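Notes for the one structure printed next.
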Amino acid sequence: MMAYPTPKMFIAGQWITAGDAGEMAVVNPATGAVLGHCPKASVAQLDAALKAADDAFPGWSRTSGAERHAILRRAADLLRERAADIARVITAEMGKPHAQGLGEILSACDTLDFLGEEAKRRGGRLIPVRGGQLIAQMVTHEPIGPAVLLTPWNFPVNLPAKKIGGALAAGCTAIFKPAENTPVSAQLLVECFVDAGVPAGVLNLVHGDPGPIAEHLIASPVTRKVSFTGSTAVGKQLGALAASHMKRFAPELGGHAPVIVSKNADLERAVAMCASTKFRNAGQVCVSPTRFLVAKEVYDRFVAEFAERASKLKVGDPGADESVDMGPLAHGRRIAAMEQVVADAGGNRGEVVTGGKALGGKGFFFPPTVIANPAADSRFMTEEPFGPIAGIVPFDTIEDAVRIANGLRYGLAAYAFSGDLDEAHYLAGSLRAGMVGINQLIVSSPETPFGGIGDSGFGSEGGEEGYLAFTDTKLVMLAKAGG
Ligand code: NAD
């Protein structure tokens with residue numbers, strides 16, 4: 001692996017290695033080794049980033065869409081060229097296998113391409129006038145202004161790329177604060193934009209303690225928009241703060257995705273897809289399929305085959321062995337969270353069919369775990385596990401399955417498998433979620449909107465919505481000057 005680069009901030013066009021608020025260690029979750037130390041921004045450094053974004057906004061917002069597209073396309077090309085090295089940093093910082101890191105980066109490149117193209121092609125609309133002196137009614141999409149982008153560690157390149165791509169394509173400037181444990185993945189992404197020619201001040205990168213930084217940035221009068229991906233609890237706090245300052249807020253929060261497997265499904269295909277997708281990124285994915293609701297006629301077979309596939313997955317340090325299927329969890333707090341979920345499913349409240357105990361050693365390893373028939377009020381069935389735990393619940397009728405699926409306040413992704421066309425239509429229509437996958441488990445592409453409802457947040461990233469999210473709607477009514 002390449003040497004771990006020195007973590008830096010990027011403020012007003014300058015790379016900065018010294019944080020005036022000290023530094024924090026970055027730890028490899030597979031080995032416990034300290035990779036490096038990341039600078040923490042002081043209030044003065046945050047203010048410098050805010051000023052830079054504010055100063056750069058008038059110029060950047062007036063560049064043509066074609067110019068912004070050219071820069072974003074160059075950034076995407078550089079990201080493609082550097083993908084293999086950046087994927088190794090992702091693995092070292094948060095434990096994702098190399099192939100999954102590469103996949104996330106290449107998807108980020110396509111997202112940047114799409115959002116850059118939106119800058120070129122997205123006009124407004126003309127609305128027919130009612131007569132009189134009016135000549136035209138024009139609706140345009142104006143860049144909101146400096147945006148604060150707060151991102152988590154589970155997709156440390158792809159999630160920031162959606163936010164940075166949307167903001168910059170729309171003509172906004174940005175202050176980007178990535179997760180504490182993935183600073184260099186973020187920095188290498190920012191480097192692609194800098195090397196592609198993004199002017200000084202347009203994109204700023206700061207690091208440090210998330211709570212105080214978010215509070216300072218959101219409260220600043222410079223900030224016009226806040227985009228956050230992370231937990232529902234933090235999203236609610238930040239949303240309340242943004243509302244108190246009348247700032248536009250876009251929360252992409254947690255989920256607890258149900259998967260309904262009907263007796264009419266192709267069971268073998270459904271089990272194979274579910275068992276491999278569930279444990280991707282060690283289950284630390286907001287749209288991870290998690291609550292498997294399976295028709296009682298096929299329940300025993302589904303549990304046995306799912307658990308067998310889960311128990312065969314190769315778990316290990318993906319930095320040392322690229323063939324592992326699943327790496328460590330991102331940090332020690334996730335292990336504690338998994339142990340609480342399993343403990344709560346003990347006794348007669350569910351059966352741990354495979355896994356269930358942390359693997360020990362220096363890294364944060366927890367095995368693929370399957371809980372059969374967890375109680376309806378168990379921690380597993382009511383709280384997002386955000387880890388490698390699947391629960392499987394039998395159902396009698398398809399209406400019962402939909403009722404269980406829709407029973408939580410989360411509403412990010414939901415999935416269903418059925419070979420019956422009418423049933424598939426019913427499921428697509430009745431599952432309450434921002435994104436529904438039928439007979440497959442992918443709900444994300446560069447061209448399509450990604451977002452949830454209820455406790456999973458609101459608004460969308462990706463697709464044309466990911467561009468429009470960084471714009472204000474403006475109406476111009478144009479009348480004759482006289483006579
Ligand atoms: P955590 O809440 O400690 O941190 C999650 C992320 O939120 C981190 O990136 C952190 O920088 C940020 N964060 C934390 N407190 C913040 C604050 N006060 N202001 C601004 N940002 C803040 O939890 P964790 O154990 O690291 O991650 C697991 C939880 O995070 C799960 O519950 C999951 O729902 C959520 N999460 C969600 C997503 C997603 O894609 N929606 C991604 C990662 C984590």
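Values below: all heavy atoms of this structure, side chains included; hydrogens, waters and symmetry mates excluded. The model shown is predicted, which means the values in this text are computed figures rather than measured ones.
- Using a 4.0 Å cut-off between charged nitrogen and carboxylate oxygen, R82 and D195 count as a salt-bridge pair.
- Taking R68 as the reference, T63 meet the side-chain hydrogen bond (donor to acceptor under 3.5 Å, both in side chains) condition, with sequence neighbours excluded.
- Although no hydrogens or angles enter the test, the distance criterion places a donor-acceptor pair under 3.5 Å between the side chain of N204 and the main chain of G201.
- Taking the charged nitrogens against the carboxylate oxygens, D455 and K236 do have a contact shorter than 4.0 Å, which makes a salt bridge.
- The minimum heavy-atom distance between C286 and E384, with the atom names listed, is CA-OE2, 4.2 Å.
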Derivation of the side chain to side chain contact (heavy atoms under 4.5 Å, CB included) call for F228 and V234: CA-CA 9 Å; F228 168 75; V234 173; 3.5 Å; yes
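- Judged by distance alone, with hydrogens and angles left aside, the side-chain atoms of Q45 form a donor-acceptor pair with the main-chain N or O of S42 at under 3.5 Å.
- Although no hydrogens or angles enter the test, the distance criterion places a donor-acceptor pair under 3.5 Å between the side chain of Q100 and the main chain of N281.
- What you find for G166 and L115 is that their closest heavy atoms are N-CD1, 3.4 Å.
- Contact of the L329 side chain with the F365 side chain is not registered, since no non-hydrogen atoms from C-beta on lie closer than 4.5 Å.
- Between the side chain of K177 and the backbone N or O of T151 there is no donor-acceptor pair closer than 3.5 Å.
- Atom CG of L150 and atom OG1 of T229 lie 9.0 Å apart (nearest 0.5 Å).
- H141 is not listed as a side-chain neighbour of D472, based on a closest heavy-atom distance of 4.5 Å or more.
- The distance from the NE2 atom of H207 to the CD1 atom of I213 is 9.0 Å, given to the nearest 0.5 Å.
- Between the side chain of N28 and the backbone N or O of A30, at least one donor-acceptor pair lies under 3.5 Å.
- Across every non-hydrogen atom of A310 and T354, the tightest pair is CB-CG2, 4.4 Å.
- A donor-acceptor contact under 3.5 angstrom links the side chains of S185 and E93, judged on distance only.
- From T17, atom OG1 reaches atom NZ of K8 across 7.5 Å, with rounding to the nearest 0.5 Å.
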Assess the residue pair K314 and D321 against the criterion (salt bridge (charged side-chain N to carboxylate O under 4.0 Å, His left out)); give the C-alpha distance rounded to whole Å, side-chain angles, the decisive distance to 0.1 Å, and a yes or no. CA-CA 10 Å; K314 187 171 172 185; D321 175 0; 3.0 Å; yes
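- Side-chain N or O atoms of S456 include one that pairs as donor or acceptor with a backbone N or O of G254 at under 3.5 Å.
- D47 has no carboxylate O lying under 4.0 Å from a charged side-chain N of K51, or vice versa, which leaves the two without a salt bridge.
- With no hydrogens or angles considered, a side-chain donor-acceptor pair links K278 and T290 at under 3.5 Å.
- In this structure, the side chain of D317 engages the main chain of G319 through a donor-acceptor pair within 3.5 Å.
- A salt bridge is defined here as a Lys NZ or Arg NE, NH1 or NH2 lying under 4.0 Å from an Asp or Glu carboxylate O, and E252 with K162 fails to meet this definition.
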Verdict with reasoning, E104 to R280, per salt bridge (charged side-chain N to carboxylate O under 4.0 Å, His left out): CA-CA 12 Å; E104 116 162 51; R280 193 170 66 96; over 6 Å; no
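- To the nearest 0.5 Å, atom OG of residue S288 and atom CG of residue L441 are 9.0 Å apart.
- We find the NE2-NZ distance between H69 and K120 to be 4.0 Å, quoted to the nearest 0.5 Å.
- A cation-pi contact links K225 to F470, judged by a cut-off of 6.0 Å to the six-membered ring centre and 45° from its axis.
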Passes side chain to side chain contact (heavy atoms under 4.5 Å, CB included), R122 versus L468? Steps please. CA-CA 9 Å; R122 181 140 301 274; L468 291 172; 3.5 Å; yes
Can you list the steps and then say if H256 with R409 is a side chain to side chain contact (heavy atoms under 4.5 Å, CB included)? CA-CA 9 Å; H256 200 345; R409 285 192 51 81; over 6 Å; no
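- Using a 4.5 Å cut-off on side-chain heavy atoms (C-beta onward), V184 and V26 make no contact.
- The two residues I105 and A83 come nearest to each other via the heavy atoms CD1-O, 3.5 Å.
- Residues F10 and L203 come closest through the heavy atom pair CD2-O, 3.3 Å.
- We find the NZ-CG distance between K163 and L159 to be 7.0 Å, quoted to the nearest 0.5 Å.
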Please report the C-alpha distance between V315 and D325 in whole Å, then the side-chain angles of each, then the deciding distance to 0.1 Å, and finally whether the side chain to side chain contact (heavy atoms under 4.5 Å, CB included) criterion is met. CA-CA 6 Å; V315 180; D325 299 305; over 6 Å; no
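- Annotation: side chain of P7 is not in contact with side chain of H37 (no heavy-atom distance under 4.5 Å).
- Looking at R80, R73, R74 one by one, the single match for side chain to side chain donor-acceptor pair (under 3.5 Å) with D77 turns out to be R80.
- Residues K474 and V139 form no side-chain contact, since every pair of their non-hydrogen atoms from C-beta on lies 4.5 Å or further apart.
- Here the shortest heavy-atom pairing between V259 and P289 reads CG2-CB, 3.4 Å.
- Annotation: side chain of N181 is not in contact with side chain of V27 (no heavy-atom distance under 4.5 Å).
- Around CZ of R334, the count of heavy atoms belonging to other residues, nucleotides or ligands within 6.0 Å exceeds 12.
- By the neighbour-count criterion of 12 heavy atoms within 6.0 Å, atom CG of L359 is densely surrounded, having more than that number from other residues, nucleotides or ligands.
- For the pair R291 and Y415, the cation-pi criterion (under 6.0 Å, within 45° of the ring axis) is not fulfilled.
- Listed by first then second residue, pairs satisfying ring pair (Phe, Tyr, Trp, His ring centres under 6.0 Å) with a partner in residues 151-186 read W153-H331, W153-F386, not counting sequence neighbours.
- Remark: side-chain polar atoms of K247 are paired, donor with acceptor, to backbone N or O of S220 under 3.5 angstrom.
- The salt bridge (charged side-chain N to carboxylate O under 4.0 Å, His left out) check on R333 picks up nothing, with sequence neighbours excluded.
- The side-chain heavy atoms of M9 and P39, taken from C-beta on, include a pair separated by under 4.5 Å.
- A donor-acceptor distance shorter than 3.5 angstrom exists from the side chain of Q284 to the backbone of A330, with no hydrogens or angles considered.
- Looking at D110, its side chain never comes within 3.5 Å of a backbone N or O of P446 through a donor-acceptor pair.
- Considering only heavy atoms from C-beta on, F193 comes within 4.5 Å of L168 through its side chain.
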